[in-house]
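The structure under discussion appears below in the form of structure tokens.
Worth knowing before you read on, the calculation uses all heavy atoms, side chains too, and leaves out hydrogens, waters and symmetry mates. Below, chain A is the first sequence line, B the second, and so on; all start at residue 1.
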2 protein chains.
Amino acid sequence: MSYTYRHPRPSITTDILIFSIRERKLQVLLIQRKGEPFAGAWAIPGGFIRMDEDLVDGALRELQEEAGVTDVPLVQFRTYGRPGRDPRDRVVTVAFMALIPSGHIVARAASDASDAQWFPLTDLPALAFDHAEILADARQRLAEDVTVSVQRTGRVAFDFLPAEFSLSQAQSVFEILRGEELDKRNFRKWLLSTWSIEETGGQTSGTGHRPAALYRLTPGTDAKDLPG
Amino acid sequence: MSYTYRHPRPSITTDILIFSIRERKLQVLLIQRKGEPFAGAWAIPGGFIRMDEDLVDGALRELQEEAGVTDVPLVQFRTYGRPGRDPRDRVVTVAFMALIPSGHIVARAASDASDAQWFPLTDLPALAFDHAEILADARQRLAEDVTVSVQRTGRVAFDFLPAEFSLSQAQSVFEILRGEELDKRNFRKWLLSTWSIEETGGQTSGTGHRPAALYRLTPGTDAKDLPG
DNA sequence: CCTGATTGGTGTTTAATATACACCAATCAG
DNA sequence: CTGATTGGTGTATATTAAACACCAATCAGG
């Protein structure tokens, strides 16, 4: 019984989709590739996994190496392994995504990429490999999580907000994700009654107008269980 | 610039979680392993991917080889790649799941497994590898899809029903997935108004009591879009 | 063929949740 | 001091969900 396998193996990479809301638009972080194939093309940041690291750790490492980004909570999203998706060789890629508050990330081109930049989903460049497909899938998954999950808007919306946020900030994020304007009073009533949110005591300042009270999401707002 | 990579590569497998409702319980299909490691232990069906097949095709092939199961709609679920999860070697596995109507599958132990059997989720055997973790994750995902998705019960419930079903059958499935009894009249009202369901004209027969009208889900009942 | 057992099928009333809608308050810039 | 800008609040109406009971159709068995 052979314990060491000699069968051919695909390579494994990770790809990481970082979404954020900037300038009131949903945007994604892309890098410009340095090496072949697709040198010079825009792509989702990512790269080969090492033998001794878990998938998510490889993704975090690549994110650091290519975009100078650290400290983002990654959620695994989907794995792509169609033969031919990489022109060099059989490559299976595990895609992760992260939803982050705006301003929390300063993306700079790091060693493995020649540039790193935010793109609104409405205005994307051509992408390397099957990255356009991956991005489209991620966008749809996000839409499902956001719009379908809790009848109106799911808790993923909070991932786009900083830990402490004003109700107006929250409303803005929910509006962008849902693509429609919401009534201020109804939104506040709904947010406070649905999501167990507490006032922090802090206020916004230096805004040029009346300051807003700050709130935070009390931890522990998750899915229910299935019997059996 | 090297186009052929000599770096070490993990092996890639697929694992397939087949859920069905049998005897009014949510059950999962497991196989008993023939080979090492974990020979004789129960496990989620699955196996190594080939170089020329897509991930889902490899999963379908393994399902056929190990459990004699064909023709199930697989949905990719999650990928597991923690170093050490397979005692032999670095193995990354892509997990799929399928939700199928009861009676639609006759599982028989096929060539690569010594047995294939349904287990209620309440009464699972010890599992090989990290399969208990994978199964727990799948169960939770299913719970989220079912319970959270549409405020009460999502369209995945229909995956457990045959193409034509009576309203009582539907109610039974929804009750099992939600773990609570539902009011017959309210359920029917809700089902018919929410899901665009049409009468087929057919009836159940040979049930020993009044026959029930048959319905089907009109195709096209999906998620909304995200702007931008 | 008559009876009982079993599941199929149907509306209305009440409670809960969601929606529509307008004004005063606090800060900052000039 | 004034105007511009965003923060903050309540009520009335419409929609959606929940509770609740009886007759109908088939089949099995006497």
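dG8(C) atom P lies 14 Å from atom CG of Leu192(B), rounded to whole Å. In this entry the distance linking CG of Asn186(A) with P of dA12(D) reads 15 Å, nearest Å. Across the protein-nucleic acid pair, Phe187(B) atom CZ and dA19(D) atom C1' stand 17 Å apart, rounded to whole Å. Asp183(B) places its CG atom 15 Å from the C1' atom of dT16(D), with the value rounded to the nearest Å. For the pair Leu182(B) CG and dA17(D) P, the computed distance is 13 Å after rounding to whole Å. Atom pair Gln171(B):CD and dT7(C):P shows a separation of 13 Å (rounding to whole Å applied). At whole-Å resolution of the value, CG in Leu191(A) and P in dG8(D) are 12 Å apart. The distance from atom CD of Gln169(B) to atom P of dT7(C) is 13 Å, rounded to the nearest whole Å.
A sub-4.0 Å separation between OP1 or OP2 of dT6(D) and a side-chain N or O of Ser168(A) is absent. Contact between the side-chain N/O atoms of Arg188(B) and the OP1/OP2 oxygens of dT10(C) is not found at any separation under 4.0 Å.
With no hydrogens or angles considered, a side-chain donor-acceptor pair links Asp137(A) and Tyr80(A) at under 3.5 Å.
Formation of a donor-acceptor pair under 3.5 Å by the Glu66(B) side chain with backbone atoms of Gly46(B) is found in this model. Ser20(A) contributes a side-chain N or O that, together with a main-chain N or O of Ile100(A), makes up a donor-acceptor pair within less than 3.5 Å. Side chain of Gln171(A) to backbone of Leu182(A): a donor-acceptor contact under 3.5 angstrom is found. When atom types are taken as modelled, the side chain of Thr204(A) and the backbone of Ala212(A) share a donor-acceptor pair closer than 3.5 angstrom. Judged purely by atom type and a 3.5 angstrom limit, Asp130(A) has no side-chain atom pairing as donor or acceptor with the backbone of Glu133(A).
Residues that satisfy the side chain to side chain donor-acceptor pair (under 3.5 Å) test with Thr13(A), not counting sequence neighbours, are Thr93(A).
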Pairing annotation in dot-bracket form, given for DNA chain C with Watson-Crick or G-U pairs under 3.5 Å and | for cross-strand partners: ||||||||||||||||||||||||||||||
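Across Arg33(B) and Ala128(B), no two heavy atoms sit closer than the pair CD-CB, 3.9 Å.
Of the two residues contacting DNA chain C, namely Thr204(B) and Ser193(A), the nearest-nucleotide position lying further toward the 5' end is that of Thr204(B).
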Protein-to-nucleotide contact annotation, 5' to 3' order, nucleotides 22-30 of chain C [B base; S sugar-phosphate only; - none; under 4.0 Å, heavy atom]: B--BBBS--
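Considering only side-chain atoms of Lys189(B), the nucleotide from dG8(D), dG10(D), dA18(D) that sits closest is dA18(D).
Relative orientation of the Phe158(B) and Phe165(B) rings is tilted, given thresholds of 30° and 60° on the angle between their planes.
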